[in-house]
A.B. asks: 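Take this structure first; my questions come after.
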Amino acid sequence: VHHMNYSSQFKADFMGKFPNKDQNIVLYSLQKGDDAPSRAAADLAEAGYHFVYFYSGTPEDVVLDKGLN
């Protein structure tokens with residue numbers, strides 16, 4: 001699990017850290033109305049990433065870190 005905020009540098013930063021475009025990527029935000037995950041997904045699709053998923057949640061959700069929490 002790696003946390004990255006969306007910004008104008010997101011695509012370049014992501015590609016530098018995760019060059020394998022065939023890996024599974026899950027984007028999420030727990031803030032209602034936040035469109036950053038959809039913008040990030042568009043950036044990654046444009047960059048050639050094939051398996052990009054979006055989790056739509058709420059602040060009440062529990063996000064597990066590799067099932068250890």
Side-chain angles (χ1 to χ4, degrees):
V1 174
H2 187 80
H3 177 81
M4 292 180 74
N5 287 325
Y6 184 77
S7 71
S8 60
Q9 292 296 313
F10 174 79
K11 185 166 54 171
D13 291 346
F14 190 94
M15 291 175 69
K17 291 180 182 177
F18 305 102
N20 177 5
K21 294 183 178 181
D22 291 324
Q23 63 187 315
N24 290 322
I25 302 162
V26 178
L27 303 169
Y28 71 92
S29 174
L30 299 181
Q31 296 180 2
K32 191 171 186 120
D34 184 5
D35 69 343
S38 63
R39 293 184 308 181
D43 282 355
L44 295 179
E46 180 182 293
Y49 287 85
H50 304 287
F51 304 101
V52 179
Y53 305 94
F54 173 64
Y55 173 76
S56 179
T58 70
E60 289 78 33
D61 292 350
V62 175
V63 178
L64 300 177
D65 180 5
K66 298 181 184 176
L68 301 176
N69 294 330

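Please read all numbers here as calculations on a predicted model, not as lab measurements. Positions are given from 1, in the same order as the sequence printed here.
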A.B. asks: Membership question, hydrophobic clusters at under 4.5 Å side-chain separation (ILVMFWY): are Phe54 and Phe51 in the same one?
C.D. replies: no
A.B. asks: If you look at every heavy atom in Ala47 and Met15, which pair is closest and at what distance?
C.D. replies: CB-SD, 3.8 Å
A.B. asks: If you measure only the distance, is there a donor-acceptor pair under 3.5 Å linking the side chains of Asp43 and Tyr6?
C.D. replies: yes
A.B. asks: Check for me, please, whether Tyr28 and Leu44 land in the same ILVMFWY cluster - side-chain distances under 4.5 Å, paths through other members count.
C.D. replies: no
A.B. asks: Distance from Tyr53 atom OH to Leu27 atom CG, nearest 0.5 Å?
C.D. replies: 11.5 Å
A.B. asks: Rounded to the nearest 0.5 Å, what separation is found between the CZ atom of Arg39 and the NZ atom of Lys11?
C.D. replies: 13.5 Å
A.B. asks: Does the separation of the ring centres of Phe18 and Tyr49 fall below 6.0 angstrom?
C.D. replies: no
